[in-house]
Structures are given as structure tokens and as C-alpha cells.
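The structure follows.
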Amino acid sequence: MDPLEPFREEVRIAARKAFAQMGADVSFEIEVPSTGIADFAVPCFPLAKKLRKAPPILAEEAAALIPPLDLVSKVWADKGYLNFQLNDSKLSVSTLEAIEAMKGSYGQGDLERKKVLLEHTSVNPTGPIHVGRARNPIIGDTLARCMRAYGYDVTTEYYVNDVGKQVVMLTWGLENIPAEDVPEVAGDKLDHRLVVYYQKANKMMESDPEVEKQVGQMLRRFEDGDEEVMGKVRKTAKLMLDGIIESLLSINVIIDQFTWESQFIKDGSAHRVVEELKRSEHCSEEKGACYLELKPFGIHGKETRFFFTRADGTTLYTTRDMAYHLDKFKRADRMINILGEDQKLGQAQLAIALKLLGQDRAPECVFYSFVSLPEGRMSTRKGTVVYLDDLIEEAEERALEEVRKRRTDLSEERMREIAKAIGRGAVRYNIVRVQPEKPLVFKWEDALNFEGNSAPFVQYAHARACSIQRKAGASVGAYDPASLTNDYELRLIRVLARYPSVIREAGEKARIQVLPAFGHELAAAFNQFYTYVPVLKGEENREARLALVDATRIVLANVLNTLGLSAPEEM
RNA sequence: GCACACGUGGCCUAGCUUGGAUAUGGCAGCAGCCUCCUAAGCUGCAAGUCGGGGGUUCGAAUCCCCCCGUGUGCGCCA
């Protein structure tokens with residue numbers, strides 16, 4: 001239920017009629033002017049060519065042809081635009097009614113419940129998740145929430161890489177490196193305790209040929225399907241994964257299911273992919289290794305061949321990824337992958353190969369740029385990383401300091417709870433507010449920003465609304481939405497009315513960055529209202545204003561929830 | 001070398017898909033606002049060659065071409 005829809009429809013019909021009378025039966029856009037000069041605007045520029053008149057004149061003519069409307073209070077022409085101002089009280093009624101009726105599901109669109117499989121995170125289980133990688137689960141989980149808010153049936157999935165050199169090396173390290181050769185680690189989180197073995201094994205590989213030989217042998221046994229080695233590797237991967245899952249949970253990211261890469265070797269599906277690709281006319285081989293020549297498909301670079309087997313006939317990562325995607329196709333209507341920008345070529349190759357396998361579908365990808373540190377890029381191997389766990393801890397500590405500054409009346413436990421909500425929220429918010437494809441340089445002061453365009457700003461507005469309601473006591477009685485007539489009230493209502501459009505854009509077009517922007521706008525509009533319009537202390541309109549506070553609280557909570565942030569009732 | 005992405009006030013960022021009205025916010029800076037629903041707030045000021053140059057168009061931050069800078073990729077790795 002979109003409260004703006006009837007208004008948009010009336011504007012559309014009125015403009016179409018007017019244009020028809022002028023002899024221009026053309027299609028046109030209905031915009032929301034960025035300048036805030038009107039509620040809706042129809043640019044008359046497209047008519048100019050057909051009618052051979054200047055747009056400002058056409059806009060004047062059209063404005064004169066539009067009769068008084070039911071939902072629109074004012075129609076006027078300005079600089080080639082046909083502008084519409086909506087009827088305030090009708091808009092208030094439509095908006096507040098929609099919110100009170102739908103509550104937590106306000107924003108939902110009406111679409112059939114399509115099944116969406118959204119793969120995100122999927123980081124190698126060789127170390128704790130660091131803030132560079134953390135962009136992935138935060139984008140993925142937020143998109144999943146936006147799509148659910150819009151009405152999709154979303155399942156999130158983590159593809160666990162338990163195959164290959166990296167995990168084998170980690171496993172070798174755990175078995176062969178004595179504890180005293182590895183730096184001491186604070187805390188008892190397993191991923192942090194284990195990663196030092198991975199780093200040490202990496203260093204030893206570089207300098208010691210014997211180590212390289214041993215790891216190589218282990219890898220060979222693994223590829224030959226040695227049950228013992230495969231079991232061990234899977235076990236270490238699982239240990240690491242549990243640590244990663246715990247970290248994700250701390251930023252409120254919950255993954256619905258896990259698919260293990262080794263599965264596609266065991267069940268033979270990766271092999272079936274190989275057999276089928278071999279039949280392709282684009283397939284050739286070099287010393288027994290099979291590849292597809294992808295130059296005709298627009299792949300550029302030093303190497304345009306796409307290998308899908310080794311010389312010994314074993315499968316490669318990408319081959320298994322194809323088997324994985326064929327499996328995904330059976331399970332969902334829409335597939336979305338959240339991936340680092342380093343995966344772009346791989347995904348292009350995957351899409352072509354899937355086509356050659358006779359598939360007419362391909363996953364939709366959201367690529368994000370890497371997060372770097374001011375001094376350069378992060379690497380688990382080199383140990384130049386900021387771990388997500390450390391960032392969360394620091395964020396919560398800083399938040400706790402801030403809470404202590406402001407509140408002396410709360411119990412220690414309550415303060416910690418609030419600090420958790422704020423710290424974790426700030427981390428998520430500061431990542432989703434920027435477009436995925438923009439490069440991000442990690443700076444502590446940005447990541448822990450608690451003012452202005454930040455999670456606490458939105459959460460604070462929510463806490464203020466709750467506070468008013470707590471003090472008001474009894475629930476809202478009878479009220480007349482039409483009595484909300486001052487600028488602050490009307491501005492706030494106009495923002496509330498836009499929420500369903502924002503969810504549509506975020507959920508359907510995967511443009512999640514519009515949601516934090518909307519949250520900030522809504523919180524700002526409410527803060528102004530809060531500053532200038534007394535609710536409890538004002539004698540007039542108490543009930544209607546309380547209803548507006550309630551509606552705002554509901555929408556702020558929806559925004560926060562959809563961003564994966566908690567909505568504290570006090571701060 | 002080739003391909004893809006990014007470049008918007010000191011810093012971060014919206015707008016680019018679908019060209020249109022004075023380019024959106026925030027941080028930092030300056031000046032104000034707490035006897036009044038939590039000042040993580042509010043108000044005002046200052047700050048911009050939209051990387052550079054061409055082109056298309058009545059009109060370009062937005063589309064096209066060239067160039068510059070940054071990032072990423074071009075493994076019988078995952």
C-alpha cells in the first residue's frame with residue numbers, strides 16, 4: 001500500500017488529458033523535483049518537438065487546461081515544468097492510515113512471492129573476517145532485508161570453499177607447526193587462534209622446499225579423493241567457519257544455508273559439466289588441459305582462454321562454480337551474487353560458459369570495490385588487516401563512553417546493551433551508505449562516526465519518538481489528520497509517504513544506499529518537528545501529533561530493521 | 001599492453017541506469033540555541049573548474065570519443 005499512488009495516478013491522468021487536448025499524445029515522466037519546489041512535476045520538454053513550441057509556453061497551456069482536482073491543491077507552470085502540489089490533508093490521511101494499518105510491513109509492494117537465492121560473504125575459511133571482506137556480508141544482508149521488505153522470498157547462502165591449496169595449507173599448519181612457533185593470540189575465538197598457523201605455514205612455504213613438498217603431497221591426496229585428507233580439511237574449514245559465523249552474528253548477519261564446494265566433486269556434477277563443455281565447438285585442449293576460447297565472446301587481455309580442467313583431468317574452482325550455479329538454477333527464480341570486484345572476469349566467464357551449457361539464465365551480480373587502509377591494502381597472509389571483531393569491539397567501547405557521558409540514570413547492563421546497538425549499527429551504516437562500487441579507505445573516525453549521517457542519528461530519532469510515547473501514557477485517541485497543518489508536520493508526512501517508493505528502489509533495483517539516505521532524511525525531518533512542535537506540552541492537536549509521532553516511530557523502526565540495525569527505545 | 005570500475009567544496013558522499021528548474025547531505029571550520037517532550041539535536045555562515053579536453057543536444061555531473069590519475073583483473077590459484 002503506497003500512500004502516494006492515488007496522487008500519482010491523478011496527476012498522470014490529468015496531465016495526459018491536457019496533453020491530448022493540446023494534440024500531443026506522448027509519453028511523459030512524473031518526477032519528484034529535487035529542489036522541493038513541488039510534490040510532483042511533469043517536464044514539458046518532450047512535447048516541444050511535436051508541437052513546435054517552447055516548453056515554458058506548453059507548460060502554461062497545459063496548466064490552464066487542467067480542471068480543479070480532488071487530490072491536488074495547486075497546479076502551476078514554471079520554466080517548462082508542469083508542477084503539482086498535493087492536497088495536504090488528503091495526503092496526511094492517506095499516509096497515516098497506511099502506516100497504522102500496515103505497521104511493520106509498511107513499505108511492502110504487491111508482487112508475487114518470487115524465490116530469490118542471494119549468495120554473499122563466501123570468504124575462504126582460512127582466517128577471521130576482516131573489514132575489507134566485511135563489506136560483502138553487510139551489503140548482502142542489507143540487500144536481502146530490502147528484498148524481503150519489498151516482498152521477495154529470500155534465502156541467503158554462503159558457498160564454503162573447502163577445496164584447494166589455501167585450506168590444505170591451513171590444515172597442514174595445524175598438524176605440523178608446534179604451538180610455540182606461532183605468536184600468542186589473545187582471547188579464545190577459534191578463527192583468531194587458528195589464523196596464525198595459516199600465516200606461519202605461508203611463510204614456511206616460501207622459504208622451505210620441504211614444506212612445499214609436504215603441502216603438495218597433501219593437496220595431491222586431497223585431489224585424488226583421499227577420504228582421510230578430505231575429512232581433515234573439511235574439519236578445519238568448519239572450525240574456521242564457526243568463528244566467522246560468530247563474527248557475522250555480532251553485526252546481525254544471519255546466513256540461512258551453507259553449501260560446501262567439495263559436494264560438487266563428490267556428487268559428480270562438476271565432472272558432468274566437464275563432459276558437456278568438452279562437446280562445445282569452442283573447446284580445445286593443451287597438454288590434456290581443457291579450455292574454452294572466449295575471445296569471440298568479447299573477453300580481452302593477455303589470456304583469453306578459460307581453463308576448466310587441469311592436465312590430469314581434475315576440476316578447477318570455476319568448473320565447480322558452474323556446477324554450483326546449475327544447482328542454484330533449480331532452486332530459485334532470481335539469483336544474486338555479492339562479489340568483490342576481483343571476481344568480475346570470473347563471473348563474465350561463468351556467464352558465457354553457462355550459456356554454452358544451454359542455460360539462458362545468469363546470476364545478477366553486485367560488485368563492490370575493495371576496502372583499503374590509508375597505508376595500503378589488506379592481506380590476511382601478510383597480516384596487514386583490521387579484523388571485524390576488533391572493529392566491533394572498538395565501536396562498542398566508544399559507544400559506551402558516549403552513553404556514559406549522557407546517562408547517569410541507567411544500570412551498567414542497560415548501558416552496555418545500548419552501546420552494543422549503537423556501536424554495531426554504526427559499523428553497518430557507515431558501510432552501506434556508500435555505493436558498493438566506490439572504493440573505500442577504512443578510517444577509524446569514519447567507521448565510528450556517531451553524528452550527522454550515521455546510525456545513531458537515526459536511532460536517536462527513534463528513541464526520542466519512543467520517549468514521547470512513554471510519557472504520553474495512554475494510546476492515541478480519536479484525531480483528525482487534517483489538523484496537522486504546520487510546515488514541520490507536513491514536511492514530516494511527505495517524507496513518511498515516500499518510504500514504499502524507497503523500499504521498491506532498494507529491493508527491486510538493488511540500490512541499497514538509498515535506504516540509509518532516507519533514514520537520515522526522515523530522522524532530520526523528525527528532529528525539526530521535535531524541536532519546534534510541542535507534542536505533550538502543546539495544548540492543541542495533542543492526539544493528532546501523537547499519531548504522527550507513532551507513525552514516525554513505526555517507519556524509523558522499519559528503516560532500522562531493514563538496515564539490520566536495532567531500534568533502541570532509549571539512548 | 002588490453003579490459004572493467006571509480007574521480008563531485010579541505011575530507012566523505014547523493015544525483016549518472018531514464019540528459020532538464022538554484023548540484024544532495026554529512027564531517028571538519030566559524031557564529032548562535034539547553035528554566036521547555038534526551039543538545040548523539042536545532043539554526044545560520046563560509047566553502048564547488050562535478051579529474052581535463054573535445055563532441056551530441058534547445059539543454060550535459062548525467063550520453064559518446066580522447067587523455068590524465070587511482071583501483072581491480074588478464075593462473076592447468078581459489
Side-chain angles (χ1 to χ4, degrees), chain A residues 29 31 33-35 37-38 41 43-46 48-49 54-56 78-81 83 124 126 161 163-167 261 285-291 298-305 307-314 316-318 320-321 340-346 348 367 369-370 372 377 399 402-403 405-407 409 422 426 430 433-435 437-441 443 445-446 449-461 463-465 467-472 509 511 513-514 517 520-521 523-524 526-528 530-538 545 549 570-571:
Chain A
E29 295 286 316
E31 301 177 350
S34 56
T35 50
I37 203 166
C44 298
F45 303 92
K49 223 166 227 163
D78 188 21
K79 299 189 179 86
Y81 286 86
N83 287 334
N124 278 359
T126 50
N161 164 243
V163 177
K165 198 170 176 180
Q166 309 303 316
V167 267
E261 188 180 340
E285 47 179 276
E286 182 180 76
K287 296 174 192 154
C290 300
Y291 65 88
I299 297 293
H300 303 260
K302 292 177 201 158
E303 175 64 272
T304 56
R305 293 175 302 172
F307 280 89
F308 60 93
T309 74
R310 294 196 182 88
D312 62 7
T314 55
L316 290 157
Y317 171 82
T318 30
R320 296 180 301 261
D321 207 16
E341 59 179 338
D342 55 336
Q343 306 289 317
K344 274 188 186 173
L345 176 61
F367 295 105
S369 289
F370 281 139
S372 59
R377 61 173 299 183
E402 297 292 320
V403 177
K405 254 192 251 169
R406 287 157 235 264
R407 303 297 294 263
D409 56 320
I422 293 168
N430 288 320
R433 53 173 259 268
V434 344
Q435 282 188 45
E437 57 269 24
K438 292 249 189 193
L440 206 62
V441 177
K443 295 192 190 102
E445 74 253 40
D446 293 342
N449 172 30
F450 292 166
E451 283 171 346
N453 192 1
S454 71
F457 183 93
V458 184
Q459 290 171 319
Y460 185 58
R464 279 178 145 180
S467 172
I468 291 177
Q469 291 188 306
R470 253 195 319 275
K471 290 188 173 151
K509 297 185 180 169
R511 286 166 45 80
Q513 70 276 11
V514 299
H520 179 256
E521 204 183 328
F526 180 68
N527 280 333
Q528 288 173 5
Y530 182 94
T531 303
Y532 296 106
V533 184
V535 176
L536 302 175
K537 302 214 155 69
R545 284 176 182 168
V549 170
E570 58 180 346
M571 279 173 71

Partner nucleotide of B/C30 by Watson-Crick or wobble geometry (both distances under 3.5 Å): B/G44
Watson-Crick or G-U wobble mate for B/U49, both contacts under 3.5 Å: none
A/Thr309 versus A/Ala289, closest heavy-atom pair with distance: O-CB, 3.5 Å
Whole-Å gap separating C1' (B/U72) and CG (A/Leu440): 15 Å
Euclidean distance, A/Ser369 OG relative to A/Gln435 CD, rounded to 0.5 Å: 10.0 Å
Protein-to-nucleotide contact annotation, 5' to 3' order, nucleotides 25-33 of chain B [B base; S sugar-phosphate only; - none; under 4.0 Å, heavy atom]: SSSS-----
Interatomic distance where NZ belongs to A/Lys405 and P belongs to B/A40 [whole Å]: 9 Å
Residue matched to B/C74 through Watson-Crick or wobble contacts both under 3.5 angstrom: B/G1
Sugar-phosphate, base or nothing in reach of A/Ala463, heavy atoms under 4.0 Å: base
Given B/C37, B/A40, B/C2, the nucleotide with the shortest approach to the side chain of A/Phe450: B/A40
Whole-angstrom distance between B/U17 and B/A61, as gauged at atom C1': 14 Å
Sugar-phosphate, base or nothing in reach of A/Leu536, heavy atoms under 4.0 Å: base
Residue pair A/Leu316, A/Arg310: steps toward the side chain to side chain contact (heavy atoms under 4.5 Å, CB included) verdict: CA-CA 7 Å; A/Leu316 290 157; A/Arg310 294 196 182 88; 3.9 Å; yes
Heavy-atom neighbours of A/Glu437 CD exceed 12 at 6.0 Å: yes
N/O donor-acceptor pair, side chain A/Lys509 with base B/U18, under 3.5 angstrom: yes
Complementary nucleotide of B/U35, counting Watson-Crick and G-U pairs under 3.5 Å: none
Minimum-distance nucleotide (side-chain atoms of A/Val434 versus B/C77, B/U13, B/A21): B/U13
Residue A/Lys471, side-chain atoms from C-beta onward, closest of B/C2, B/C37, B/G41: B/C37
d(CZ, A/Phe457; C1', B/U38) in whole Å: 14 Å
Selected nucleotide, minimal atom distance to A/Arg406 side chain, candidates B/C6, B/C74, B/A39: B/A39
Sugar-phosphate, base or nothing in reach of A/Arg377, heavy atoms under 4.0 Å: sugar-phosphate
Protein-nucleotide distance (A/Asn83, atom CG; B/A21, atom P), rounded to Å: 12 Å
Per A/Pro33 side chain, nearest of listed nucleotides B/C37, B/C12, B/A21: B/A21
Shortest side-chain distance from A/Tyr532, nucleotide among B/C42, B/A40, B/U72: B/C42
Rounded distance in Å - CD (A/Glu303) to C1' (B/G1): 15 Å
C1' atoms of B/A14 and B/A78, separation to the nearest Å: 36 Å
C1' gap between B/C74 and B/C65, integer Å: 25 Å
Integer angstrom distance from the P of B/U13 to that of B/U8: 7 Å
Interatomic distance, A/Phe308 CZ vs B/G75 C1' [rounded to whole Å]: 16 Å
Those residues that, when tested against A/Phe526, pass ring pair (Phe, Tyr, Trp, His ring centres under 6.0 Å) (two or more places apart): A/Phe529
Nearest to side-chain heavy atoms of A/Gln513, which nucleotide of B/U38, B/A40, B/G15: B/G15
Sugar-phosphate, base or nothing in reach of A/Thr35, heavy atoms under 4.0 Å: base
Minimum-distance nucleotide to A/Lys438 side chain [options: B/U72, B/C76, B/C6]: B/C6
Residue A/Met571, side-chain heavy atoms: nucleotide from B/U38, B/C16, B/G41 that is nearest: B/U38
Contact summary for A/Pro456 and A/Met571, nearest pair of heavy atoms: O-CE, 3.9 Å
Pairwise C1' distance, B/G48 and B/U18 [rounded to whole Å]: 26 Å
Interatomic distance at C1', B/C16 relative to B/G75, whole Å: 36 Å
Length of the line joining A/Asn527:CG and B/A39:C1', which is rounded to integer Å: 10 Å
Nearest non-hydrogen partners of A/Phe307 and A/Glu286, listed with the distance: CZ-OE1, 4.2 Å
Sugar-phosphate only, base, or nothing, as touched by A/Ala517 at under 4.0 Å among non-hydrogen atoms: nothing
A/Pro55 vs A/Gln528, nearer the 5' end of RNA chain B by closest nucleotide: A/Pro55
Short side-chain to backbone donor-acceptor contact, A/Asn430 and A/Asp446, under 3.5 Å: yes
Salt-bridge criterion met for A/Lys405 and A/Glu402 (N-O under 4.0 Å): yes
Touch class at under 4.0 angstrom, heavy-atom based, for A/Ile299 against every strand present: nothing
Chi class for B/C34: syn within 90° of 0, otherwise anti: syn
Sugar-phosphate, base or nothing in reach of A/Val458, heavy atoms under 4.0 Å: nothing
Nucleotide nearest A/Glu286 (side chain, heavy atoms from C-beta), chosen from B/C76, B/C37, B/C42: B/C76
Donor-acceptor contact present, side-chain A/Glu303 to main-chain A/Arg305, <3.5 Å: yes
P gap between B/C68 and B/G52, integer Å: 15 Å
Minimum heavy-atom distance between A/Leu536 and A/Ala472, given as atom pair plus value: CD2-CB, 3.7 Å
Residue mapping more 5' on RNA chain B - nearest nucleotide basis, A/Pro439 or A/Glu402: A/Pro439
Nearest-angstrom distance, P atom, B/U43 to B/G26: 9 Å
Length of the CZ-P vector between A/Arg320 and B/C77, whole Å: 10 Å
Touch class at under 4.0 angstrom, heavy-atom based, for A/Ala461 against every strand present: nothing
Touch class at under 4.0 angstrom, heavy-atom based, for A/Val549 against every strand present: nothing
